[in-house]
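What follows is a set of notes on a single structure, which appears directly below.
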Amino acid sequence: MRRLGMPIYSQKEWLTRLQTSNYIDGPIDIYNQQGRVVELEKRVATLLNKPASLFFPKGTIAQLCALKVSAEQRNDTNVVLHSMSHMVVDEYDAYQTLMGLNGIPIGACDSPFDINDIQAIEEKFATVSIELPIRRAGFKLTPWKQLETMSYWCKSEQVHFHMDGARLWESACAYQKSVADISELFDSVYVSMYKGLGAMGGAILAGETDFIDACKVWRSRLGGNAFTSFPMVIGALDGLDNRLKQIPEFLTRATQVARLLTRFPQLEVNAPQTNGFLVFLEGDLGELAKKAKHLNQKMDLQLFSQFSTFPTTHKHMIEIQVGADHQAISDEEIVEYFTLLLR
């Protein structure tokens with residue numbers, strides 16, 4: 001099935017992609033030693049202009065390590081993060097339950113927090129985490145000037161400034177900055193290898209050498225030191241070679257798709273800030289879901305995954321994302337799809 005968002009490959013397709021990679025030869029990594037994993041870590045550290053970086057099989061583990069180490073270094077378990085951060089919404093508060101940390105969620109559900117929100121916090125805290133963009137708040141980005149202000153404040157107050165950069169590659173296009181320019185504002189940076197870059201999985205955490213060395217210990221404690229990671233690593237290196245340069249197209253297409261959807265008065269369309277945005281609509285949920293499933297099968301495409309709710313409205317929400325194979329779906333097909341869905 002053709003997908004507007006992140007492609008989903010079959011097992012056979014994944015194996016073919018690995019076999020045709022320029023990185024298929026070479027020594028295998030064993031427990032993240034030697035092999036291509038070292039090459040990937042060095043390459044991403046250079047891109048982010050950080051002294052050191054570390055590979056993880058999953059971003060959840062990378063960020064648990066980052067928050068735990070920053071807390072240990074400051075002897076303070078308080079973490080400031082957005083109330084709609086996926087660490088709060090999607091990970092069952094693992095940073096609190098597993099790591100013994102205490103979250104201080106701030107910010108409105110549909111917009112980023114700013115320096116005034118941070119300065120209004122009465123408790124002391126070790127870390128401020130910024131998600132770029134905040135997916136669950138509608139893929140919203142913190143304004144650049146606010147990022148600079150918060151970075152300066154954290155440095156002056158000796159607070160660790162962490163980037164939850166699962167979509168940093170996409171955010172850089174929106175800011176019209178290099179990933180190194182954005183990374184410079186933060187003490188530590190997590191980036192995903194599979195979302196925009198299209199790997200089978202994996203994440204990189206980057207920062208100062210002593211910080212990364214401490215995170216390496218926690219990676220093992222949390223079961224993140226896999227026997228071998230080469231399928232994910234090969235895909236990540238391929239993504240840096242091929243997919244990274246395509247990402248600006250995703251933002252351009254997202255803007256075009258949003259403009260198409262504004263033709264429909266039944267839809268409330270958020271203006272994209274990155275390659276993803278939210279759309280709201282009313283109607284019978286069961287009927288809409290049934291029609292969407294039928295259209296997906298009939299037209300052999302998927303424009304969104306499901307209908308869901310959003311805190312500030314009674315309307316149904318869908319999430320539109322643009323990924324690597326978006327060209328396979330034409331503007332005309334998108335208009336036809338929503339015409340039939342809303343009829």
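We use all heavy atoms of the structure for the numbers below, so side chains are in, but hydrogens, waters and symmetry mates are not.
Residues L240 and L47 meet the side-chain proximity criterion, which asks for heavy atoms closer than 4.5 Å. Side-chain contact check for L18 versus P231: some heavy-atom pair is nearer than 4.5 Å. V159 has its side chain out of reach of D187: every pair of non-hydrogen atoms, C-beta onward, lies at least 4.5 Å apart. Put simply, the side chain of Y337 reaches to within 4.5 Å of the side chain of N296, judged on heavy atoms. You'll find the side chain of I247 reaches within 4.5 Å of the side chain of L244, heavy atoms only. A heavy-atom distance below 4.5 Å is not found between the side chains of R135 and K140. Side chains of L260 and F338 form no contact here, defined as non-hydrogen atoms less than 4.5 Å apart. Side-chain contact between M200 and W14 is present, with at least one heavy-atom pair separated by less than 4.5 Å.
Salt-bridge annotation for E333 and R2: present, with a side-chain N of the basic residue lying under 4.0 Å from a carboxylate O of the acidic one. Under a 4.0 Å N-O distance rule, the pair E268/K315 qualifies as a salt bridge. In this structure, D331 pairs ionically with R253, as a charged nitrogen and a carboxylate oxygen lie closer than 4.0 Å. Checked for salt-bridge contact, K290 and E287 miss the test: no charged N lies under 4.0 Å from a carboxylate O.
The backbone N or O of D114 lies less than 3.5 Å from a partner atom in the side chain of D117, making a donor-acceptor pair. Looking at Q302, its side chain never comes within 3.5 Å of a backbone N or O of R3 through a donor-acceptor pair. Panel note: side chain Q34, backbone P27; no donor-acceptor pair is recorded below 3.5 Å.
Checked against the 6.0 Å centroid criterion, the rings of F161 and F186 qualify as a close aromatic pair. The aromatic ring centroids of F211 and H160 lie less than 6.0 Å from each other.
Within the model, atoms OG1 of T312 and CG of D110 stand 5.0 Å from one another, a figure rounded to the nearest 0.5 Å. Within the model, atoms OG1 of T127 and CD of Q63 stand 11.5 Å from one another, a figure rounded to the nearest 0.5 Å. Separation of atoms CG (N275) and OG1 (T252) is listed at 10.5 Å; rounding is to 0.5 Å. A distance of 10.5 Å separates SG of C154 from CG of L185, quoted to the nearest 0.5 Å. To the nearest 0.5 Å, the span separating CE on M299 from CD1 on I334 amounts to 9.0 Å. To the nearest 0.5 angstrom, L222 atom CG is 7.0 Å from L98 atom CG.
Nearest heavy atom pair, residue F113 against residue T142, reads O-CG2, 4.4 Å. D29 approaches F230 most closely through the heavy-atom pair OD1-N, 3.1 Å. Minimum heavy-atom separation, I8 to E13: O-OE1, 4.4 Å. Looking at every heavy atom in both residues, A126 comes nearest to A71 through CB-CA, 4.1 Å. Taking both residues in full, the closest heavy atoms of L101 and K68 are given as CD1-N, 4.0 Å, listed atom of the first, atom of the second, then distance. Of all heavy-atom pairs spanning A203 and Y190, the tightest one is CB-CE1, 3.4 Å.
Both L48 and M163 are members of a single hydrophobic cluster when ILVMFWY side chains are connected at heavy-atom separations under 4.5 Å. Using a 4.5 Å cut-off between side-chain heavy atoms of Ile, Leu, Val, Met, Phe, Trp and Tyr, with links allowed through other members, I115 and L141 fall into the same hydrophobic cluster. Hydrophobic cluster membership differs between L251 and V191, with clusters built from Ile, Leu, Val, Met, Phe, Trp and Tyr side chains linked at under 4.5 angstrom. The hydrophobic clustering, which links ILVMFWY residues whose side-chain heavy atoms are closer than 4.5 Å, places Y95 and V189 apart. Hydrophobic cluster membership is shared by L303 and V335, with clusters built from Ile, Leu, Val, Met, Phe, Trp and Tyr side chains linked at under 4.5 angstrom.
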Trace of the side-chain contact (heavy atoms from CB on, under 4.5 Å) decision for S53 with L205: CA-CA 5 Å; S53 72; L205 180 67; over 6 Å; no

CA sep, side-chain torsions, deciding dist, call: W218, E72, side chain to side chain donor-acceptor pair (under 3.5 Å): CA-CA 12 Å; W218 276 104; E72 288 179 334; 3.3 Å; yes

Check against side chain to side chain donor-acceptor pair (under 3.5 Å), H82 and D164: CA-CA 11 Å; H82 198 278; D164 177 347; over 6 Å; no

Derivation of the salt bridge (charged side-chain N to carboxylate O under 4.0 Å, His left out) call for D241 and R43: CA-CA 11 Å; D241 284 350; R43 189 165 171 185; 2.6 Å; yes

Intermediate values then yes/no, side-chain contact (heavy atoms from CB on, under 4.5 Å), I130 and L147: CA-CA 9 Å; I130 302 280; L147 278 184; 4.1 Å; yes

Derivation and outcome, side-chain contact (heavy atoms from CB on, under 4.5 Å), residues N270 and F139: CA-CA 10 Å; N270 283 4; F139 298 90; over 6 Å; no

Intermediate values then yes/no, side chain to side chain donor-acceptor pair (under 3.5 Å), H162 and S188: CA-CA 5 Å; H162 172 71; S188 59; 2.7 Å; yes

Criterion salt bridge (charged side-chain N to carboxylate O under 4.0 Å, His left out) on E131 and R136, from CA distance to verdict: CA-CA 10 Å; E131 184 179 346; R136 296 302 184 190; over 6 Å; no

Test log, rule side-chain contact (heavy atoms from CB on, under 4.5 Å), inputs L340 and K291: CA-CA 8 Å; L340 295 171; K291 289 174 73 174; over 6 Å; no

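Within 6.0 Å of CG on D284 lie more than 12 heavy atoms contributed by other residues, nucleotides or ligands. Around atom NZ of K216, no more than 12 heavy atoms belonging to other residues, nucleotides or ligands sit under 6.0 Å away. In the displayed structure, Q246 atom CD is contacted under 6.0 Å by more than 12 heavy atoms of other residues, nucleotides or ligands. Residue-environment remark: NZ (K155) exceeds the threshold of 12 foreign heavy atoms within 6.0 Å. The local environment of CD in Q158 is sparse, with at most 12 non-hydrogen atoms from other residues, nucleotides or ligands closer than 6.0 Å. The number of heavy atoms from other shown groups lying within 6.0 Å of CD (Q327) is above 12. Counted within 6.0 Å of CD on Q11, heavy atoms from surrounding residues, nucleotides or ligands total 12 or fewer; the atom is thus considered open.
By the 6.0 Å and 45° rule, R17 stacks over the aromatic ring of Y9.
Side-chain contact check for D181 and Y175: no donor-acceptor pair (N or O, by modelled atom type) lies under 3.5 Å. For the residue pair D238 / S21, a side-chain donor-acceptor distance below 3.5 Å is found, with atom types taken as modelled. Between the side chains of E319 and Q321, at least one donor N or O sits under 3.5 Å from an acceptor N or O. For the 3.5 Å distance criterion, the side chains of H86 and E91 qualify, holding a donor opposite an acceptor.
Checked options V38, N225, L54, T228; the residue passing with N32 is N225 (criterion: side chain to side chain contact (heavy atoms under 4.5 Å, CB included)).
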